[in-house]
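All figures in this text were calculated on a predicted structure; none of them were measured in a lab.
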Amino acid sequence: MMKHWLLGAALAAAWQGFAAAPELTFAADPLESYYPVQGRIAGAGKSHLNLLQREFGLAALSLYNPTQATMYCRITASGFDGLKVTLREAAHIRARLGQLPADVLPELSKDGVVAVPAGENRQIFLEFDTRNGKAGTYRGTVKAVNLKDRSAVSREISLDVIAQSLPERHPLQVMTWDCSLRQSSGKERENLLAELQEHYVNNFHVLETTPWKADTRGNLTEGPDFSKLDPMLKFLKGKGMLLLRCASPNSKNAPDIRTAAGAKAYGNFVRALAAHMREMGFDYDDYALYPMDENTGDVFYAHAKAAKAADPKVWIYADPTKSREEIERITADGNYTDYIQFHYRFLDRRDVIEMARPHLKISSAYWCPVIQKRLRPAWYRNMGHVAWRLNLNGIGYWTSLWMPGNDRWGVPWDDLRGKTASAVTVYPARHNENVPSRRWKAFRAGLEDWLVFDLVRRKGNDALLKKIDEALDPKKGSAEKLKRVRAESVEFLRKGN
């Protein structure tokens with residue numbers, strides 16, 4: 001009998017080691033990508049979100065396995081009727097310098113099962129889409145069930161969606177140099193566009209060419225041929241501003257742009273392009289010519305000057321990186337450029353931005369770090385804050401998505417497989433799908449912050465605006481101040497002020 005009792009006790013102890021309820025706690029910041037995988041993570045048992053209509057609510061939970069064997073948990077969310085809820089698992093990825101940020105956010109599989117090794121935790125990321133929801137209070141639960149013994153744990157989330165809506169299209173010009181639309185078609189292209197629009201991108205990097213030739217006197221002899229450009233024009237019409245790379249130098253088939261014949265040839269091309277854009281239903285403020293990338297030297301200047309001579313209403317885009325003299329030449333000295341995205345280095349040279357601003361229709365800024373995955377998502381959220389703080393009317397960064405096999409900067413899924421690192425914030429996937437990063441969600445969160453603060457500005461609450469400016473000030477601000485003023489702004493708007 002004693003042997004049987006001891007055997008039963010041993011089996012019971014073994015069962016306890018392999019079967020138990022998972023543990024579930026809320027992460028303090030759903031946009032933080034670094035956390036320990038081993039051991040428990042302390043957190044709250046409930047979560048409450050205050051949102052505006054059309055705002056995306058975010059939450060993250062740590063799912064911990066207290067047993068001695070791998071646990072398979074089914075995760076479900078229920079009770080949020082009227083809201084679209086997306087469940088994701090935050091997956092780690094190797095960054096170029098050896099870091100392991102939990103940056104990748106794939107949706108859970110259809111069965112909702114997550115595997116958690118013994119003594120480890122996995123993070124569940126939730127996204128609440130309020131675009132089709134009504135104002136009101138929503139209460140629901142997230143449940144994790146251990147499939148071995150059916151033990152379960154639930155956590156409550158409540159959301160207050162106030163009767164104040166964010167706009168469908170962002171007032172800022174938002175650009176991420178996405179190159180995937182060019183190399184896609186059908187459902188894949190539609191999904192990519194939806195992904196971009198869901199994150200407020202409204203400026204599109206149009207890479208399609210329009211071949212043309214000119215003789216030595218500057219007369220067009222062939223083209224321009226718009227057959228490659230037109231399908232993309234039709235696809236993107238009404239979606240935002242198009243930045244046309246077909247305006248790039250044509251050194252092989254036309255005279256040097258710095259000669260009179262070259263300027264004449266380019267001017268003839270610009271007139272033909274502008275006429276075609278009108279035929280396609282585009283006004284002058286629907287597109288801009290993008291002659292050169294990160295270059296405002298003599299060749300760019302010659303293109304901009306020739307284009308303006310041919311048609312002064314045509315917009316010219318530039319993204320300079322360093323020279324005040326070159327920027328002054330294309331703005332204050334000649335008004336040859338309409339839309340400038342200043343490289344982030346100019347954020348420390350505000351005098352250059354202020355010198356050019358009166359001569360521009362759009363003043364924007366952009367970032368171009370190559371080794372991006374290691375960066376905390378707050379770095380991306382800050383982009384919207386910079387636009388607010390510097391009173392810019394555009395913002396952007398390079399880049400959201402290239403396509404598999406075509407990213408010369410590296411392999412999107414592994415920064416250690418390539419000469420450098422992939423800069424994408426949206427990961428390519430199979431079956432016409434794409435996988436967002438936490439940095440991508442943070443970029444949108446910063447743009448939503450801007451929209452909330454803009455509503456406060458429109459309602460004339462000067463005292464609250466002063467707090468907002470202080471919270472976003474690089475020297476006086478902090479993450480905690482931002483959190484408080486964001487909550488105070490939503491509460492102010494909730495009261496219908």
Name the one of Met292, Arg245, Gln341 that satisfies side-chain contact (heavy atoms from CB on, under 4.5 Å) with Tyr317? Gln341

For Asn132, look at atom CG and say whether over 12 heavy atoms of other residues, nucleotides or ligands are found less than 6.0 Å away. no

Within the 3.5 Å criterion, strictly below it, is a donor on Tyr138 or Asp160 matched to an acceptor on the partner's side chain? no

Grab the two heavy atoms, one from Trp450 and one from Arg457, that are nearest each other, plus how far apart they are. CZ2-NH2, 3.7 Å

Would you mind reporting whether Leu147 and Val113 have side-chain heavy atoms less than 4.5 Å apart? yes

Glu198 and salt bridge (Lys or Arg N to Asp or Glu O under 4.0 Å): which single residue from Lys84, Arg131, Arg169 fits? Arg131

Please report the interatomic distance CZ(Arg438) to CG(Asp29), rounded to the nearest 0.5 Å. 8.5 Å

Is the charged tip of Arg40 near the ring of Tyr64: under 6.0 Å from the six-membered ring centre and within 45° of its axis? no

Should Glu354 and Arg357 count as an ion pair when the cut-off is N to O under 4.0 Å? yes

Between Arg54 and Ser165, is there a donor-acceptor pair closer than 3.5 Å when you use the side chain of the first and the backbone of the second? no

Student check: side-chain heavy atoms of Ser364 and Ile340 closer than 4.5 Å: no

Quick test of your reading of the model: are Arg439 and Asp103 salt-bridged, counting only N-O distances below 4.0 Å? yes

What class does the angle between the rings of Trp388 and Phe453 fall in, given that below 30° is parallel, 30 to 60° is tilted and above 60° is perpendicular? perpendicular

So do Phe492 and Asn461 actually touch side chain to side chain, heavy atoms under 4.5 Å? yes

Charged N to carboxylate O under 4.0 angstrom, Lys466 versus Asp462? no

More than 12 non-hydrogen atoms from neighbouring residues, nucleotides or ligands closer than 6.0 Å to CZ on Arg139, yes or no? no

Just wondering, do Phe204 and Leu243 contact through their side chains at under 4.5 Å, heavy atoms? no

Do Leu126 and Leu58 touch side chain to side chain, with heavy atoms closer than 4.5 Å? no

Take a 6.0 Å sphere around NZ of Lys481 and say whether it holds more than 12 heavy atoms from other residues, nucleotides or ligands. yes

Glu470 bridged to Lys467 by N-O distance under 4.0 Å: no

Is a side-chain N or O of Glu55 found less than 3.5 angstrom from the main chain of Leu52, in a donor-acceptor match? yes

CG on Asn146 to CE on Met71, rounded to 0.5 Å: 4.0 Å

Under 3.5 Å side-chain donor-acceptor pair for Tyr200 and Glu168: no

Decide whether a cation-pi geometry holds between Arg444 and Phe56; the criteria are a distance under 6.0 Å from NZ or CZ to the six-membered ring centre and an angle within 45° of the ring axis. yes

Arg345 NZ/CZ over Trp367 ring centroid, <6.0 Å and within 45° of normal: no

Is there a side-chain contact between Ser62 and Arg122 in this structure, where contact means two heavy atoms from C-beta onward sitting under 4.5 Å apart? no

Asn121 versus Tyr35, side-chain donor and acceptor atoms under 3.5 Å: no

Candidate list Tyr290, Tyr366, Trp398, test side chain to side chain donor-acceptor pair (under 3.5 Å), partner Asp319, passing option: Tyr290

Heavy-atom side-chain proximity of Ile157 to Phe80 below 4.5 angstrom: yes

Short question: side chain of Thr399, backbone of Val424 - any donor-acceptor pair under 3.5 Å? no

Is there a side-chain contact between Phe128 and Thr86 (heavy atoms, below 4.5 Å)? no

Can you tell me how far CH2 of Trp177 sits from CG of Asp293, rounded to the nearest 0.5 angstrom? 7.5 Å

Nearest atoms (heavy-atom pairs only) where Lys361 meets Asn393: O-ND2, 3.5 Å

Does Arg381 make a cation-pi contact with Phe443 (under 6.0 Å, within 45 degrees of the axis)? no

Please find the pair of heavy atoms, one from Ala21 and one from Pro66, that lie closest to each other, and give the distance. O-CG, 3.6 Å

Let me see the working for Leu447 and Val174 under side chain to side chain contact (heavy atoms under 4.5 Å, CB included), right down to the final yes or no. CA-CA 9 Å; Leu447 294 172; Val174 182; 4.0 Å; yes

Which heavy atom in Pro22 sits nearest to a heavy atom in Ala144, and how many Å separate them? CG-O, 3.7 Å

Distance check, rounded to the nearest 0.5 Å: Leu51 atom CG versus Glu448 atom CD? 8.5 Å

Give me the atom names and distance for the closest heavy-atom approach of Ser400 to Thr176. OG-OG1, 3.0 Å

Working note: Asp338 + Ile362, criterion side chain to side chain contact (heavy atoms under 4.5 Å, CB included); need CA distance, chi angles, decisive distance, verdict. CA-CA 7 Å; Asp338 305 270; Ile362 298 175; over 6 Å; no

Check the pair Leu172, Leu392 against side chain to side chain contact (heavy atoms under 4.5 Å, CB included), reporting the backbone distance first and the verdict last. CA-CA 8 Å; Leu172 296 179; Leu392 301 173; 5.8 Å; no

Can you confirm whether the side chains of Arg88 and Gln123 place a donor and an acceptor under 3.5 Å from each other? no

Main chain of Leu181, side chain of Arg189: is a donor-acceptor contact present, judged purely on distance under 3.5 Å? yes

Show your working on salt bridge (Lys or Arg N to Asp or Glu O under 4.0 Å) between Asp449 and Arg486 and close with a plain yes or no. CA-CA 7 Å; Asp449 292 340; Arg486 180 67 152 76; 2.6 Å; yes

When you measure from the side chain of His343 to the backbone of Lys322, do you find a donor-acceptor pair of N or O atoms at a distance under 3.5 Å? no

Judged by modelled atom types alone, do Glu120 and Asn65 share a side-chain donor-acceptor pair under 3.5 Å? no

Steps toward side chain to side chain contact (heavy atoms under 4.5 Å, CB included) verdict (Lys239, Phe235): CA-CA 9 Å; Lys239 306 298 192 301; Phe235 181 69; over 6 Å; no

What's the shortest heavy-atom distance between Ala118 and Ala69, and which atoms? CB-N, 3.5 Å

Under the 3.5 angstrom rule, does the side chain of Tyr34 hit a backbone N or O of Arg374 as a donor-acceptor pair? yes

Decide if the gap between the ring center of Tyr380 and the ring center of Trp440 is smaller than 6.0 angstrom. no

